Each structure stands twice: as structure tokens, then as C-alpha cells.
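First the structure, in the form of C-alpha cells, and then the observations on it.
Note that ligands are numbered from 1 as they come in the structure, with each ligand's atoms numbered from 1 the same way. No experiment lies behind these values; they were computed from the predicted model shown.
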Amino acid sequence: MDSKELYRVLLGLSEPWTVERVQLDLARQEVSVFVAHPPKTRFRCPRCERELAAFDHVTERRWRHLDSCQFMTYLHAQPPRVQCPEHGRLQVALPWAEASSRFTHMFEALAIDVLLAANVKRAAQLLRITWDEAWGVMTRAVLRGQLGKEFALPEHIGVDEKAIAKGHRYTTIVCDLDQGTVQYVGEERREESLATYFAAFTPQDCARVAAVSMDMWPPYINAVRAAVPGADEKIVFDRFHIMQHVLAALDQVRRAENKALRAEGDGRLVNTKYLWLRSQENLTGAAATRFSAVKHAALKTARAWALKESLRTLWDYATEGWAQRFWRRWYFWATHSRLTPMIGAAHMIKRHLHNVLTYFSHRITNAVAEGLNSKIATIQKRACGFRNYSHFKTAVYFHCGGLNLYPSALTPGKV
Ligand SMILES: [Zn+2]
């Protein structure tokens, strides 16, 4: 097998394309593979598939391909053009690359795999391409994936907000709770941030949404009510968010009490914040020992903590009826606790109770969304911040969108 035949096989080239010559540049550590077709080959119009004679060729272009050992390998060719009576003069589709790409399908697929595993900077280094080229691969992959994706609203939706910068820049993340994928990234956390997502679908599509899990956040509530018929029976205020409000109240009680105790020289609550906020079963070793000493003390914080731990069981009930009975007892206990922040939290949950208890009809939580949130946090950390909002969006869709990112022409054995 000579080098031309070797590269024809390695590149998976098929009729009419063959390798004309292979050139090795030792100094630059590059292999150039020149690809051509026999004269009088007919090609198809890229728009209507009509078979036509090649009209002319555009100037030679090159595409980066998978390395040959340590040598960067480029495929060179002059793309033919056809003169279609209907569509005019057009460049024909090339089997090894997408029209806009400077990489072959196989290189692009490798780049996607590397980008999924490493940050953009590191991926660019490993692939020996520039940051912008790596970013281009990612952007194209997301566009390709979104074009190929079924356009439908998920049955179970999770809505969450995410701070994207140290300041107070927020995004609204909509996810498919069944697939565990991000469906949409909206700017800010206003009503329009979410309304824009629903606006892309028909009222019939929106009617098929079975449930939406989210925080008690009025702009989101309004957006869902406006778009989804029967929203009041479909909105589920998520247990994680509800517990976050209760945890915030508990921490307020602790801070106030700690301040009062320290004024009297009592340091029992110093550095105990996370002992109280963590779930009891997650405290182990020294922390558990330390915590059992304060937990039984006659402290306001200990009472607030007991309320918090008790409320966690609300979601364990088998039926809404039993949960309601539990809630009434808990609400009485909380509102008679003489702990102002806990009373505030109890009132807030009561105002939203109907859509807390819808949990028992749908049994959905934002656990999936929280999982995606921490994945997004990792993406952010790896990227050390994004140059802009649209970069952030692309990276989230790339890593969490559940999209088919690879070139569609890529089947084994083909370039
Ligand atoms: Zn045509």
C-alpha cells in the first residue's frame, strides 16, 4: 500500500474523491494530503440534489484532520461549484467537512470530546488550535444539536435562577426534569426571562405541560400562570427552595442569639453556623459530638433547629391529607415559637401552601435542577468566568443541553 492509498483509507474517502499526493513537511511537522476528483465528475446541487457537471473550482482550501502520529495533518482540496439552473452557482457539499468549518468531521468530533472533558483553554492546547477555533467548534456543535433537537415542551419542567457573576447578574434556567437537561437559558430572573421561553410554543403545547417545579418567586409564578393553562394545579413550590427559606430564618435566629450571648461572655454559638444548617444525618465525627452538646441546650437556636428538622418530614407523607394534618401541627408550633424569623417563614409557606401541597399530586422536586446547577457552577469555575453572557449560554447548552453535538455526516469509516 503506498502513501496515497494509505491516506485514502485512513480518511475514508470514497468516489469520486481520491488522494492525489501526500506531502510531508518535517520542519513544520505537518502532513498535507491533497485530495481531488477525476475530470468530468458530476456533482449534486446542494439545494435540490440535481446532478450537474462541475462548473469551476474555488481556490484551494485546507481542513485540519486528525494528527498522523505527532504530525498535524491537513486535507487540501479545491471545492467544485455547480451552475444549477434553479439555484445558481453553488459550492458542492464536501463529504469530509461542513461548509463553514476549517476542520474535518473527524477532527471536529475529537475536538468535541476533548472540550467535553477539559476547559476551552486546555482543550485548545491539547488540540493545537486557538481559543477562538475551539470556541467555534463548541458554538457549531450547539447550533447543530439545537437544529436536530425535537422542538417540544417537557412534561415536567424545573425553573431555577442562577447567579452568573459576583455582582447580581442572574440567569433563568429551565430544565427538563425527566431528561435532566437544560432546555433554556434566559437573561435575568424577571417575568419576561421565563415568558420568552413559553412564547416559542403554541397554547396547545403549553397545555401539555404537566407540572412546573420552582421557587415562590412572583415573576416566575406570573409567567407560568400566563402561559400554562391550569397553572394553579401544576405549579409545585419546590422543597429545596422552601427549606432554603427556613434555613435562612434559622440562621437569623442563630446570629441574633449568638450576638446576645457573646455580649454576656457566652461563646456557645460561636462557629456553629454549619452545625445547625446541615441535615442532622450528615453530621459525623467531631462535628456530631460538638453538635449534640449545643443541640440540647435551652437555646432559641435549638428550638428553631428542631422546627427546621421537623418540617423536612412534610414531604415524606404518603398522602396530601396526612401532610396537611402534619402541616397544621407544625404551623401552630412555629407560629407559637416566639422566634420572629421562624414565624415569618411559617406565614410565607402558609400563603403558598396550595402549591406546596401540589407536590403530592406530581411528586416532582428541583433535585435534578439543583444537580444541573452544580454542574453549571463547575463549568463556570473551569472557565474562570465567561467573556460574556452568550458564551455562558453556549457552554451550558454544550455541557448540559443533552444535545447531539457531533457532525451528522459522521458515521464510522467516513470522513
Ligand atoms: Zn439546485
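Listed by chain and residue number, the protein N/O/S atoms under 2.8 Å of the Zn ion (ligand 1) are C45 SG, C48 SG, C84 SG, H87 ND1, with waters left out.
The minimum heavy-atom distance between F237 and I221, with the atom names listed, is CZ-CD1, 3.6 Å.
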Can R8 and E5 be said to form a salt bridge (charged side-chain N to carboxylate O under 4.0 Å, His left out), step by step?
CA-CA 5 Å; R8 193 192 65 74; E5 179 59 6; 3.1 Å; yes
Test log, rule salt bridge (charged side-chain N to carboxylate O under 4.0 Å, His left out), inputs E133 and R102:
CA-CA 9 Å; E133 286 173 329; R102 294 160 62 194; 3.4 Å; yes
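At most 12 heavy atoms of other shown residues, nucleotides or ligands fall within 6.0 angstrom of atom OH in Y274. By the neighbour-count criterion of 12 heavy atoms within 6.0 Å, atom CG of N271 is sparsely surrounded, having that number or fewer from other residues, nucleotides or ligands.
Under the salt bridge (Lys or Arg N to Asp or Glu O under 4.0 Å) criterion, R239 pairs with no residue at all, not counting sequence neighbours.
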